[in-house]
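Single-structure report; data block below.
Side chains included, hydrogens not; waters and symmetry mates left out as well; all remaining heavy atoms used.
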Amino acid sequence: MTAASGESDLAFDPWDPTFVEDPYPAFAELRARGRVLYYEPSDQWLVPHHADVSALLRDRRLGRTYQHRFSHEDFGRTPPPPEQEPFHTLNDHGMLDLEPPDHTRIRRLVSKAFTPRTVERLKPYVHALADDLVSRLVEAGGGDLLTDVAEPLPVAVIAEMLGIPESDRAPLRPWSADICGMYELNPSEETAAKAVRASLDFSDYLRALIAARRKEPGDDLISGLIAAHDEDDDRLTEQEMISTCVLLLNAGHEATVNATTNGWLALFRHPGQLAALRADRSLVPSAVEELMRYDTPLQLFERWVLDEIEIDGTVLPRGAEVAMLFGSANHDPAVFTDPDRLDLTRRDNPHISFSAGIHYCIGAPLARIELAASMASLLERAPGLRLAAEPERRPNFVMRGLTELRVEL
């Protein structure tokens, strides 16, 4: 280890509300301190620079899992407690936490069902639903943008895509929130217990729905996943289908919800940019990209070191965990001109909010459609929208969002 690796006075504290409120000044300090810094409280190596994050996301010496090559003991890690098994079974069979060859096989099969045509076919539904949700908000004279628009839109879209009946959709968001609690740093026993219960309930529900679709296939993604096979007639197992559906819901709405609320809060705090957007709706596509960069919904992504690597003279041994700081990378002045300025006309915008490499977000095109649809509808139907109360941040660091966003007309 280099001297830098032992530093404990880093300007990084994911449990400090002040840091969570605005981590970007601390990220600037981290970038100034070096390319890789050891953070003892989470036993991770922090990577704050865009070039390094982008390269490491594509580096096969790192992986989302190590269990395709090593046991927990071989890797110097303690196995998760047995009572957490339902969460880990669900999580470990999803694409996001697999490496080749399993990742390659599952992503190829999922891609056969999750096609660009499938996403394009959803466009009219997305726009109609966004208009309906915004119209209700306008009729009420305002409300909570989080619960009235940002949450119901992507949840309904993914549920529609999967073929989950409207009458069954109420538990989806709570299940997802409880499962996603495990992706924060050092989750508590209470958080783990909630995730296990949600994993069991969600899996039981999907198991029954998959069984029903086997008997009566429909024009939905679950039916497509059941039918998907390759030239060797390789198919998804039931557990792989369940894990894929949960991943699509969690990833497909968690980031979109937070991108919507973070984005509108940024617009309210930059009235000049909001006025420019209202005056020129052609800025919506670049605004979506810039708002995802400016206040990144997924702040940190983890990788395990499978084979020893060296970064700027610091050797990261096999078994180390790397925390790639997406929010910091998206504010790196080496890549973004004046990165702390919100600029909806920014054209050169290689943000990494959707990750990169083999784990690039398969739902990115759908997320962009949803974000653009809700933004366009709010601009059109609620031109006088403004902040009604100062919002509170969720205490979470990794998945950055708000508890509510009260607005009025």
Side-chain angles (χ1 to χ4, degrees), residues 64-65 80-98 102-103 106-107 109-110 113-114 147 150-184 187-216 218 220-226 228 235-258 298 361-363 366-367 370 394 396 398-399 401:
R64 278 291 292 176
T65 183
E83 62 270 18
Q84 292 182 14
E85 182 272 329
F87 165 78
H88 290 287
T89 294
L90 181 64
N91 186 69
D92 295 353
H93 286 81
M95 285 184 295
L96 189 62
D97 280 78
L98 289 171
D102 289 333
H103 173 275
I106 293 177
R107 185 157 182 141
L109 289 169
V110 171
F114 196 93
T147 56
E151 277 187 351
L153 178 64
V155 172
V157 170
I158 292 292
E160 186 74 13
M161 194 175 195
L162 291 171
I164 296 175
E166 282 192 40
S167 57
D168 293 352
R169 294 177 185 177
L172 298 180
R173 173 65 173 162
W175 282 339
S176 176
D178 286 347
I179 291 169
C180 288
M182 286 295 276
Y183 305 133
E184 294 297 321
S188 67
E189 286 185 17
E190 181 187 2
T191 297
K194 283 183 175 180
V196 166
R197 171 47 53 198
S199 297
L200 287 167
D201 290 345
F202 207 166
S203 295
D204 287 347
Y205 173 77
L206 287 169
R207 195 170 287 111
L209 189 59
I210 289 167
R213 289 293 182 274
R214 285 192 195 279
K215 291 177 183 174
E216 292 185 43
D220 56 69
L221 188 58
I222 287 179
S223 299
L225 292 174
I226 292 168
R235 296 173 185 267
L236 293 168
T237 66
E238 182 182 71
Q239 184 58 60
E240 288 167 349
M241 278 190 273
I242 290 170
S243 295
T244 295
C245 292
V246 172
L247 173 62
L248 289 173
L249 179 80
N250 291 352
H253 87 271
E254 193 73 31
T256 309
V257 171
N258 293 335
L298 179 65
C361 178
I362 197 171
L366 182 58
E370 292 169 351
R394 290 165 59 188
N396 311 33
V398 175
M399 294 186 178

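If you take CD1 on Ile158 and OG1 on Thr256, they are separated by 7.5 Å, rounding to the nearest 0.5 Å. How far CH2 of Trp175 is from SG of Cys180: 14.0 Å, rounded to the nearest 0.5 Å. Distance check, rounded to the nearest 0.5 Å: CE of Met399 to CG of Leu298 gives 6.0 Å. In this structure, Leu153 CG and Glu370 CD are separated by 5.5 Å, a value rounded to the nearest 0.5 Å. Residue Thr244 holds its OG1 atom at 11.0 Å from CZ of Arg107, rounded to the nearest 0.5 Å. In this structure, CG on Leu206 lies 11.0 Å from CG on Asp201, to the nearest 0.5 angstrom.
Looking only at distances, a side-chain donor or acceptor of Ser243 sits under 3.5 Å from a matching main-chain atom of Leu90. For Asn396 (side chain) and Val398 (main-chain N/O), no donor-acceptor pair under 3.5 Å exists by modelled atom type.
Across all their heavy atoms, Leu98 and Gly94 have their closest contact at CG-O, 3.3 Å. When all heavy atoms are compared, the tightest approach of Leu172 to Leu249 is O-CD2, 3.7 Å. For Met95 against Ile106, the heavy-atom pair with the smallest separation is CG-CG2, 3.5 Å. Taking every heavy atom of both residues into account, Val196 and Glu83 meet most closely at CG2-O, 3.5 Å. Across all non-hydrogen atoms, the minimal contact from Met182 to Ala192 is SD-CA, 3.5 Å. Contact detail for Ala195 and Phe87: the closest heavy-atom pair is CB-CD1, 4.1 Å.
Annotation: salt bridge (charged side-chain N to carboxylate O under 4.0 Å, His left out) contacts involving residues 237-255, sequence neighbours excluded, comprise Arg105-Glu240, Arg173-Glu254, Arg207-Glu238, Glu254-Arg394.
Taking the side-chain contact (heavy atoms from CB on, under 4.5 Å) definition, one finds that Glu216 meets it with nothing, sequence neighbours left out.
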Could you walk me through whether Glu184 and Thr191 satisfy the side-chain contact (heavy atoms from CB on, under 4.5 Å) test, starting with their C-alpha distance in whole Å, then the side-chain angles of each, then the deciding distance to 0.1 Å, before giving a yes or no? CA-CA 10 Å; Glu184 294 297 321; Thr191 297; over 6 Å; no
Step by step, work out the side-chain contact (heavy atoms from CB on, under 4.5 Å) result for Tyr183 and Asn91. CA-CA 10 Å; Tyr183 305 133; Asn91 186 69; 2.8 Å; yes
Is there a side-chain hydrogen bond (donor to acceptor under 3.5 Å, both in side chains) between Thr89 and Glu85? Walk through the geometry before answering. CA-CA 6 Å; Thr89 294; Glu85 182 272 329; 2.4 Å; yes
Candidate pair Asn250 and Ser176, rule side-chain hydrogen bond (donor to acceptor under 3.5 Å, both in side chains), full reasoning: CA-CA 5 Å; Asn250 291 352; Ser176 176; 2.7 Å; yes
Please evaluate residues Leu109 and Leu225 with respect to the criterion side-chain contact (heavy atoms from CB on, under 4.5 Å), reporting the C-alpha separation (whole Å), side-chain torsions for both, the decisive distance (0.1 Å), and the verdict. CA-CA 7 Å; Leu109 289 169; Leu225 292 174; over 6 Å; no
Evaluate side-chain contact (heavy atoms from CB on, under 4.5 Å) for Arg213 paired with Leu209, printing each intermediate quantity in order. CA-CA 6 Å; Arg213 289 293 182 274; Leu209 189 59; 3.9 Å; yes
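In this structure, Arg197 does not pair ionically with Asp178, as no charged nitrogen and carboxylate oxygen lie closer than 4.0 Å.
Looking only at side-chain heavy atoms (C-beta outward), Ile362 and Leu248 come within less than 4.5 Å of each other.
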